[in-house]
Amino acid sequence: MDKKKGFKILKNILKIVVTVGALYWVFSKVSLKDLKEAVIHSNPLYLFLALLAYSSSIFISSSRLLTFLGAIGLDVSEKYNLKLYQLGLFYNLILPGGVGGDGYKIFFLRKRFSIKGRKLFTALFLDRLSGLWALCLIIAALVTYMPQLGIPNYLTFILFVSGSILYYFVVTKFFSEYKSTFLKAHLKAIGVQSMQVIAAILILYALGFNGKFSPYLFLFLASSLVSIIPFSVGGLGMRELVIMWGAGIFQVDSHNAVLITLLFYIISAMVALSGIYFIFNPKAIGEDKLPSVEEVEQSQKLEE
């Protein structure tokens, strides 16, 4: 076994340990019986609407990626792009510590359009970065409704606007091909995050909550921000850890706070599982068979 493979195995083991440890700590602080009762008595209609809202965010997110791919001259059909996106979601669910969905997207797009992997990687990276910017925008907006944070509204405004100007300058200066689609892509990014916030609100309604939403939504988005850092398997455990920590600070119901992230994770997993169709029917994306993880990794090495 080479050192690189050994390190990857060790990293994945550590992720599993962190995930299990974080979940154990969270569930030691809340009553599993109360969580179970809350889910059993939740409103299924609102949960279904939350599923629809999240699914809508995925459609918009797929369209956003198409905008970035179009900026580098790829004539990808919306239908094919959505299929790749669904497959990518499934791989992200089952391979959170491996190649992941983006690796497979790059593999298929390179194969079909004979384009350099680095160019595709940049497009996918900027796609993710636009989502991060939109996430920060909504967090900044929520901060203005939370005086308990003690952050003056003008300071939040100045920091976000100045950060956005710097972000725009860097992207348009060093990645000029994306300048013409910058506004369109980022409006879609706002749409993605907005639909996911709506999904979180609908989950709160499903749990029978009718109080102040802003602390829960702030914690939900902050936990999403932290889950981007690959400390755990698919962000699981880290989201719940952050939201439990924040629940104590904002004096909100810890059960509701944890349930938002858990139910949102279940909904996102249900949507991601739709990609399993292409595992059993690869011809639906124009392939006789899907590549193995090793083939995708080898393709990445050749690009390097």
Side-chain touch [X]/[Y], heavy atoms, less than 4.5 angstrom:
X      : Y      : value
Leu120 : Ile72  : yes
Leu273 : Phe90  : yes
Phe113 : Val76  : yes
Asp253 : Phe209 : no
Phe108 : Tyr80  : yes
Leu87  : Ile279 : yes
Leu202 : Ile198 : yes

Nearest atoms (heavy-atom pairs only) where [X] meets [Y]:
X      : Y      : value
Ile58  : Val271 : CG1-CG1, 4.1 Å
Ser57  : Met195 : CB-CB, 3.7 Å
Tyr167 : Leu126 : OH-O, 4.5 Å
Ser194 : Ile138 : N-CD1, 3.9 Å
Arg112 : Ile285 : NH2-O, 3.8 Å
Tyr216 : Ala257 : CE2-N, 3.8 Å

Return the set of residues passing side chain to side chain contact (heavy atoms under 4.5 Å, CB included) with Leu82 (not counting sequence neighbours), or none when no residue passes. Phe59, Ser62, Gln86
Check whether [X] reaches the backbone of [Y] with its side chain - one donor and one acceptor, N or O, closer than 3.5 Å.
X      : Y      : value
Thr67  : Ser63  : yes
Ser176 : Thr172 : no
Tyr91  : Lys105 : no

Rounded to the nearest 0.5 Å, what separation is found between the [atom1] atom of [X] and the [atom2] atom of [Y]?
X      : Y      : atom1 : atom2 : answer
Lys188 : Leu183 : NZ    : CG    : 11.0 Å
Leu124 : Leu129 : CG    : CG    : 12.5 Å
Asn153 : Ile158 : CG    : CD1   : 11.0 Å
Leu219 : Ser224 : CG    : OG    : 10.5 Å
Ile203 : Leu259 : CD1   : CG    : 9.5 Å
Ser130 : Leu187 : OG    : CG    : 10.5 Å

Between Tyr178 and His186, ring centroids under 6.0 Å: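 No, the ring of Tyr178 stays outside the 6.0 Å limit from the ring of His186, centre to centre.
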Ring geometry between Phe182 and Tyr168 (parallel below 30°, tilted from 30 to 60°, perpendicular above 60°): perpendicular
Is atom [atom1] of [X] surrounded by more than 12 heavy atoms (other residues, nucleotides or ligands) closer than 6.0 Å?
X      : atom1 : value
Phe121 : CZ    : no
Glu78  : CD    : no
Asn281 : CG    : yes
Lys179 : NZ    : no

Please list, one pair per line, the donor and acceptor atoms closer than 3.5 Å that link side chains of residues 47-56 to other protein atoms, with sequence neighbours excluded.
unit_1, atom_1, unit_2, atom_2, d
Ser55, OG, Leu51, O, 2.8
Ser56, OG, Leu52, O, 2.9

Path from Ile40 to Leu263 over hydrophobic side-chain contacts below 4.5 Å: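 Different clusters: Ile40 never reaches Leu263 through Ile, Leu, Val, Met, Phe, Trp or Tyr contacts under 4.5 Å.
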Under 4.5 Å between side-chain heavy atoms, hopping through other hydrophobics if needed: is there a path connecting Leu137 to Tyr154? yes
What do the steps show when you test Asn256 against Val252 for side chain to side chain contact (heavy atoms under 4.5 Å, CB included), and what is the final call? CA-CA 8 Å; Asn256 279 340; Val252 297; over 6 Å; no
Could you walk me through whether Trp133 and Ile190 pass the side chain to side chain contact (heavy atoms under 4.5 Å, CB included) check? CA-CA 9 Å; Trp133 172 85; Ile190 293 172; 3.7 Å; yes
Test applied, ring pair (Phe, Tyr, Trp, His ring centres under 6.0 Å); reference residue, Phe213; option that passes from Tyr205, Phe220, Tyr145: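 In the set Tyr205, Phe220, Tyr145, the residue that makes a ring pair (Phe, Tyr, Trp, His ring centres under 6.0 Å) with Phe213 is Tyr205.
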